[in-house]
Structure formats: C-alpha cells, structure tokens
Amino acid sequence: MTSPAGGPDWAVLAPRWDPAERSDAEDRAAEEELSAIGRTADRVAGGGIRAAVLGVNDGLVTNLCMVLGVAGASVDVGTVRLSGLASLVAGALSMAAGEWVSVRSQVEVARGMEDALQRAWRRSPPVVLAQLSGSMRARGLDPETAARASRGVVSAGRGARSTSLRILYGVSAQDAGTPVVAAVSSLLLFALGALVPLLPWFFTAGGTAVAASTALTALASLVVGGALGRGSGRSAAWTAVRQLLIVAVASAVTFGLGRLAGSAVL
C-alpha cells in the first residue's frame, strides 16, 4: 500500500500508529525489540532452547521421582544416593543422544526435501515457480507481487533452495536446528535439574531429606516455569504454578508406589 505521495500508506498498514508521534526513542526501542527477537530466533533455530527446557524439566521430574520412589521403599540412604546418581548420568546421556539423533534426523530429512525440490526444478521450472507464486498468493500477496517475489526467490543464489522449501512447505534444513547444540544443552541441563532433588541426600536422610528434596525441586520448578513464562510473554505466575503442579503429581505418584513396594523411610 502506498500513499498518493509514493510512500507507505500508514493509515492502511498501521492504522493505530500516528506518524506525527514518531520519535528517535521509539525507533530505537523498536530496533532493540527486533534485535532481541533475532537472538531468540537464533537460539530456537539451533535447538538449544527446546533441548534446554526439556532437559532441566526432565531432570527435575525424573530424579525427584526416582529419589522419592526409592526412598519410599528403602531405609538405606546409600541406595537412594546411588539410584539418584545412576539416574542422573543415565538420563543425561540418554537425553543428549536422543536430542542429537532427533535433530540430526530432521536436518537430513529437510536436506533430502531440498534435493527433491531441486530435481523438480530441473524437470520443470514453470511448475515450481507456479507453486511458489500460488503459496505466496495464499499468504495474502496479490498475483503480480507474488509472481515477482517468486522469481526473486529462485534467483537468490545459494539460499534459493532452502527459502523455496520454507515458503512451500514451512520447513528448511536451517530451521531444523544444530544437533551438537541440542545434545550438549540437553545433557547439561538434565544433569543440573537432576542434581537438585539429589543434593539433600548427601547431607541428611529420612523424612528430612524427602522434605528437602521436594522443597528444592518445587522451588526450582517455580523458577523454571516463571522464566519460561517471561521468555514467552505469557503469565509468569501461571507457567510457574503449572510447572509445580506437574512435578507435584509425578512425585506423589512415584512416592506412593515406592511405599507400596517396601518399607518407607518416614
């Protein structure tokens, strides 16, 4: 949309914004917002955020459940410590391996799709170009603009295949993430999360250790949930409580099962 003078028609493009109120401060604030979004997008694309969130959450829940389950069935504090450490190591390695395989597979599938798209282009460029133009029209572009944009995409050089795939099917190899980043993030954050409920058992035992494990994990869950809420722009209080409820239900079930399986520490 353009105005009669040739510039953007802001009354149509941004009806709630008054050009007369534009200021350098607001321009800088908008640029900072865009920069922050870009940094977040880079972390999301690399797979680090998803792997880190899954890692720390799984570490908290898995090891609290392990510790309380064993504690509910055994009076031996050494058994609880050994089980918790074994769960920490095994879980961290398993998470890292799973993330690496998962993200690597996504990258390989996306690259295979890019190769297939290239083969389709070699067979019939007009068909691929028509598909690109149709996809852009479906997103709201007028036919002339969509045709011009699709021609620009396929002539973009090295990025043409990945950009075309993203427009047509919503995926690309670049969006799939980085296997190493995902694996390392998952390993470290799982280990950190799993250490929280295990720590009290190195300093105390019995009911005191159970209470301390539960309290520390609850606090960590609130922190993780609140951080996720702030990072996503949602209610930090709600996401913190939701995280706490998940941990509480899982730990109550496993501790109850442990008590049914043997003699309790309490």
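None of the values given here were measured: they were computed from a predicted structure.
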Is a donor on one side and an acceptor on the other found under 3.5 Å between the side chain of S87 and the backbone of S83? no
Side chains of E99 and V184, heavy atoms from C-beta outward: is any pair under 4.5 Å? no
Looking only at heavy atoms, what is the nearest atom pair of S150 and A147, with distance? OG-O, 2.8 Å
Spell out, yes or no, whether F203 and V70 are grouped together once hydrophobic residues are joined by side-chain heavy atoms under 4.5 Å, including indirect joins. yes
Any side-chain to backbone donor/acceptor pair from T62 onto D58? Under 3.5 Å, distance only. yes
With rounding to the nearest 0.5 angstrom, report the CE to CZ distance, M113 to R166. 12.0 Å
Step-by-step side-chain hydrogen bond (donor to acceptor under 3.5 Å, both in side chains) determination, R137 to S133: CA-CA 6 Å; R137 288 199 304 272; S133 181; 2.9 Å; yes
Atom CE in M95, atom OG in S185: separation rounded to 0.5 Å? 10.5 Å
Just wondering, more than 12 heavy atoms not from E108 lying within 6.0 Å of its CD? yes
Which heavy-atom pair separates A183 from W100 by the least distance, and what is that distance? CB-CB, 4.0 Å
Taking A160's backbone N and O only, do any of them form a donor-acceptor pair with S164's side chain (distance below 3.5 Å, no angle check)? yes
A205 and V77: which non-hydrogen atoms are nearest, and at how many Å? CB-CG2, 3.8 Å
Joint cluster assignment, L219 & V61, ILVMFWY side-chain distance < 4.5 Å: no
Dump the intermediate steps for side chain to side chain contact (heavy atoms under 4.5 Å, CB included) on V128 and Q131, then the final yes or no. CA-CA 5 Å; V128 178; Q131 290 275 359; 5.6 Å; no
How many angstroms lie between atom CG of L216 and atom CG of L60, to the nearest 0.5 angstrom? 10.0 Å
Answer with yes or no whether the hydrophobic clustering places L129 together with V127; edges join I, L, V, M, F, W, Y residues whose side-chain heavy atoms lie under 4.5 Å apart. no
Give a yes or no on whether the backbone of R151 and the side-chain of S155 come within a donor-acceptor separation of less than 3.5 Å. yes
Judged by atom type as modelled, is there a donor-acceptor pair below 3.5 Å linking the side chain of S221 to the main-chain atoms of T217? yes
Given side chain to side chain contact (heavy atoms under 4.5 Å, CB included), test L192 with L188 step by step and report yes or no. CA-CA 6 Å; L192 180 61; L188 295 178; over 6 Å; no
Common cluster, V210/L82, ILVMFWY with side-chain heavy-atom separation under 4.5 Å: no
Determine, stepwise, if the pair F202 / L85 fulfils side chain to side chain contact (heavy atoms under 4.5 Å, CB included). CA-CA 11 Å; F202 290 97; L85 283 173; 4.1 Å; yes
Calculate, to the nearest 0.5 Å, the distance between atoms OG1 and CG belonging to T163 and L132 respectively. 10.0 Å
Atom CG of L93 and atom CZ of F190: how far apart are they, to the nearest 0.5 Å? 9.5 Å
